[in-house]
Trainee: 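Just passing along the structure, written as structure tokens.
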Amino acid sequence: PFFHTLLTTDIVRIVSVLGGILLFYTIYDYLFHVNAMFLFDKRTRSIYKITGLIFKKRLMAFDEMTILTNSECGLISYSIGRKKKQFVKNYSISDTFSNSKKSMVREKEYVENILNPILKFIED
């Protein structure tokens, strides 16, 4: 707004449109990608992905699930996928872990406090 007198109206319109697109993309990314949760429903023995406030999608049954360890550029992360289609479509369930001491401690805590209870929950 402060440089409005120095810029032509065409440049202001282009910058405004690009800013609007970036704002829309940021809101969309937050609602549907960053803010995703996984629901492990024991009653239906299914895994659901909940995005936004009301969107709930069934991903797979407990007996179809497998845990994958992804390794890219020295970073390790965990994801879940269907047994027969695990490399086609999988869902990340952890942050990335590196080879540093802090990251190894975080990975150990993740495996003990989150991953093992998920596996135990699914087996019961």
Trainee: For the pair Arg82 (side chain) and Val88 (backbone), establish whether a donor and an acceptor sit closer than 3.5 Å, ignoring hydrogens and angles.
Mentor: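 The answer is no, because no donor-acceptor pair under 3.5 Å joins these two groups.
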Trainee: Roughly how far, to the nearest 0.5 Å, is the OG atom of Ser103 from the CD1 atom of Ile76?
Mentor: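 It is 8.0 Å, given to the nearest 0.5 Å.
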Trainee: Any side-chain to backbone donor/acceptor pair from Ser77 onto Thr96? Under 3.5 Å, distance only.
Mentor: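 No: the side chain of Ser77 does not pair with the backbone of Thr96.
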Trainee: How about Phe40 and Met65: do any of their side-chain heavy atoms sit closer than 4.5 Å?
Mentor: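 When only atoms from C-beta onward are counted, Met65 and Phe40 do touch, with a gap below 4.5 Å.
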Trainee: Hey, could you give me the OG1/CE distance between Thr66 and Met60, rounded to the nearest 0.5 Å?
Mentor: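 The distance works out to 9.5 Å.
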Trainee: Apply the side-chain contact (heavy atoms from CB on, under 4.5 Å) test between Val17 and each candidate in Val15, Ile21, Ile14; give the one that qualifies.
Mentor: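 Only one option passes, and that is Ile21.
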Trainee: Looking at every heavy atom in both Glu112 and Pro117, which two are closest together, and how far apart are they?
Mentor: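 Distance-wise, the nearest heavy atoms are O-CD, 3.4 Å.
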Trainee: Got a sec: does the NZ of Lys102 have more than 12 other heavy atoms crowding it under 6.0 Å?
Mentor: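 No, not enclosed.
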Trainee: Please tell me whether Phe121 and Ile50 are part of a single hydrophobic cluster in this structure, the criterion being side-chain heavy atoms less than 4.5 Å apart.
Mentor: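 No, separate clusters.
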Trainee: Taking Asp63's backbone N and O only, do any of them form a donor-acceptor pair with Lys83's side chain (distance below 3.5 Å, no angle check)?
Mentor: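 Flag set: sc Lys83 to bb Asp63 pair under 3.5 Å.
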Trainee: Measuring from atom OG of Ser98 to atom CE of Met104, what distance do you get when rounded to the nearest 0.5 angstrom?
Mentor: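 Here the rounded value is 7.5 Å.
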Trainee: Hydrophobic cluster membership, with links at side-chain heavy-atom distances under 4.5 Å among I/L/V/M/F/W/Y: are Ile122 and Ile114 in one?
Mentor: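 In one cluster: yes.
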Trainee: Treating Ile, Leu, Val, Met, Phe, Trp and Tyr as nodes and any side-chain heavy-atom pair under 4.5 angstrom as an edge, say whether Tyr91 and Phe55 lie in one connected cluster.
Mentor: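 Cluster IDs for Tyr91 and Phe55 differ.
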Trainee: Between CD1 of Ile118 and CD1 of Ile47, what distance do you get to the nearest 0.5 Å?
Mentor: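 Ile118 CD1 to Ile47 CD1: 8.5 Å, rounded to 0.5 Å.
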Trainee: Tell me, please, whether Tyr48 has Lys57 positioned over its six-membered ring: NZ or CZ under 6.0 Å from the ring centre and within 45 degrees of its axis?
Mentor: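 That pair does not qualify as a cation-pi contact.
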Trainee: Is the side chain of Asn90 donor-acceptor paired with the backbone N or O of Ile80 at a distance under 3.5 Å, no angle test?
Mentor: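 No; zero donor-acceptor contacts below 3.5 Å.
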Trainee: Where the side chain of Thr26 meets the backbone of Leu22, is there a donor-acceptor pair that is under 3.5 Å apart?
Mentor: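 Yes, Thr26 side chain to Leu22 backbone: donor-acceptor pair under 3.5 Å.
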Trainee: Could you grab the distance from atom CG of Leu75 to atom CG of Asp95, nearest 0.5 Å is fine?
Mentor: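 That separation rounds to 11.0 Å.
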Trainee: Would Tyr78 and Tyr110 count as a close aromatic pair, with their ring centres under 6.0 Å?
Mentor: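 Aromatic pair counts; centres sit under 6.0 Å.
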Trainee: Does the side chain of Ser46 come under 3.5 Å of the side chain of Asp41 through a donor N or O and an acceptor N or O?
Mentor: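 No pair is found: no donor N or O on one side chain lies under 3.5 Å from an acceptor on the other.
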Trainee: If you define the side chain from C-beta out and look only at heavy atoms, does anything of Phe97 sit under 4.5 Å from Ser94?
Mentor: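 Side-chain contact under 4.5 Å: yes.
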Trainee: Does the Arg106 side chain pair with the main chain of Lys101, one donor and one acceptor, at a distance under 3.5 Å?
Mentor: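 Such a contact is absent between Arg106 side chain and Lys101 backbone.
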Trainee: Measure the CG-NZ distance between Leu39 and Lys49 for me, rounded to the nearest 0.5 Å.
Mentor: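 So the gap between those two atoms works out to 13.5 Å.
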